[in-house]
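Here's the structure we're looking at; comments come further down.
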Protein chains: 2
Amino acid sequence: MRREQDRRNAKVNELFERFLRDNRLKHTAQRLKIVQRAFSMPKHFSADDLYLVLRREKTYVSKATIYRTLKLLVEAHFLEELEVGVREPKIYEAISGREHHDHMICLGCGQIAEFSETAIEKLQEQAAKGSRFRVLSHSLKLFGLCAACDDSKA
Amino acid sequence: MRREQDRRNAKVNELFERFLRDNRLKHTAQRLKIVQRAFSMPKHFSADDLYLVLRREKTYVSKATIYRTLKLLVEAHFLEELEVGVREPKIYEAISGREHHDHMICLGCGQIAEFSETAIEKLQEQAAKGSRFRVLSHSLKLFGLCAACDDSKA
DNA sequence: TTATTTGCAAATGTTTTGCACACAT
DNA sequence: ATGTGTGCAAAACATTTGCAAATAA
């Protein structure tokens, strides 16, 4: 579905340009490259993954700029940030209108799978309400073994 | 309830000494001090908090030893480790036979409150089972504003 | 023109580690 | 005696930041 991918890219570009305009930010070659690639990366990637991909295709953008731009994209809700472990790099994923979801992280191979349970969300809200806590965001991660790693360990 | 606290300390000391014996680890002054204080700290503390408390009471233990011992205590299930943010220090809390619980972290004041919902746990298991994922542990954090911070912002 | 943005190198801050010495067993 | 544990300083390492040069508006 190359056509499909192209359409999505065009859409992202358009949204991003509007975002820049609206916030009086500058439209630079680096920012555009970063956004484009961020949306054609594997579902989960780190700042360094992106840096390396760009550089492999001869697009030299400094890491500082990668970090600054990813942060920008998270604030603008183009990307979501996922903390997998304290000393590990942050993982990013494109949002593109998808609903929030949670993650299952395999301790064997590092693979990250997604799931969502609106019922869980409801219970969270309920628990928070009990302490008059206003939930702004949440993070639910299951750590364990994916089917493949579990089998190979059996 | 000073009496109560003393009893708990005695119990922890006993359990810890058994743990050391069972694992053929050495019974050192530093380890004992660290464990004692870890169990009489505020509910949530960082390695550095503990380091500073010890040092205030003239117990000089190196940070390296604090870190090594806290790691040991987590492995031995005396303490649990809580990741509040990627670039923030890890937070520890004593377990002492309590059940697992989740956390609500106030973005205003940093306060950490606890809650637990067995219903959520059940739903997690269910979601995981769908992908043949074996859950070994999980982390659920709600980020938002505690009642006080929410009010002061209104 | 001028306020942003970039790239570089240096700083950050928590945690880990190598190594020589000290110490529990 | 000898294998562990400790303290120190240095390393690790993802991310951030100061600053001067480059560039979009």
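Since the structure is predicted, the reported quantities are computational estimates derived from the model, not experimental observations. Note: hydrogens, waters and symmetry copies are ignored here, and every other heavy atom, side chains too, is used. Residue numbers begin at 1 in each chain, while the letters A, B, ... track the order of the sequences.
- Rounding to whole angstrom units, CZ of residue A:R68 and P of C:dG7 are separated by 8 Å.
- Side-chain atoms of B:P89 lie closest to C:dT15 of the nucleotides C:dT15, D:dT15, C:dT5.
- Atom OH in A:Y67 sits roughly 15 Å away from atom P in C:dC8 (whole-Å rounding).
- When rounded to the nearest whole Å, the span between CD1 of A:I34 and C1' of C:dT6 equals 10 Å.
- In terms of heavy-atom proximity, A:F115 sits nearest to B:A127 at CD1-CB, 3.6 Å.
- Nucleic acid contact class of B:K71 (heavy atoms, under 4.0 Å, all strands): sugar-phosphate only.
- Rounded to an integer number of Å, the gap from CG of A:D48 to C1' of D:dT16 is 15 Å.
- Here the side chain of B:H27 is nearest to one of D:dT6, C:dT25, C:dG7, namely C:dT25.
- Both B:T28 and B:K63 sit near DNA chain C, but only B:K63 has its closest nucleotide nearer the 5' end.
- Counting to the nearest Å, the P atom of D:dT6 and the CG atom of B:L54 are 13 Å from each other.
- Taking the six-membered ring wherever Trp is involved, the centroid distance between the rings of B:F78 and B:F19 falls below 6.0 Å.
- Toward the 5′ end of DNA chain D lies the nearest nucleotide of B:S62, the other residue of the pair B:S62 and B:R87 mapping further downstream.
- Applying the 4.0 Å criterion to OP1 and OP2 of C:dC23, one finds that B:Q30 has every side-chain N and O outside that range.
- Here D:dC8 presents its P atom at 12 Å from CD1 of B:I66, a figure rounded to the nearest Å.
- Closest of all the heavy-atom pairs between B:L32 and B:E17 is CD1-OE2, 3.7 Å.
- Counting distance only, with no hydrogens placed and no angle test, the side-chain atoms of B:R24 and the base atoms of D:dG3 include no donor-acceptor pair under 3.5 Å.
- Protein atom CG of A:D49 is 10 Å distant from nucleotide atom P of D:dT15, rounded to whole Å.
- With hydrogens and angles left out, the side chain of B:K26 and the base of D:dG3 share a donor-acceptor pair within 3.5 Å.
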Full working for side-chain hydrogen bond (donor to acceptor under 3.5 Å, both in side chains) between A:E93 and A:H101: CA-CA 11 Å; A:E93 63 183 26; A:H101 49 260; 2.7 Å; yes

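- Residue contacts for B:K90: at a heavy-atom cut-off of 4.0 Å it reaches the sugar-phosphate backbone alone, with no base atom in range.
- At a threshold of 4.0 angstrom between heavy atoms, the contacts of A:Y60 are confined to the sugar-phosphate backbone, with no base atom among them.
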Test side-chain contact (heavy atoms from CB on, under 4.5 Å) applied to A:M104 and A:Q111, step by step: CA-CA 8 Å; A:M104 298 185 283; A:Q111 188 208 106; over 6 Å; no

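- Rounded to an integer number of Å, the gap from B:E83 CD to D:dA14 P is 16 Å.
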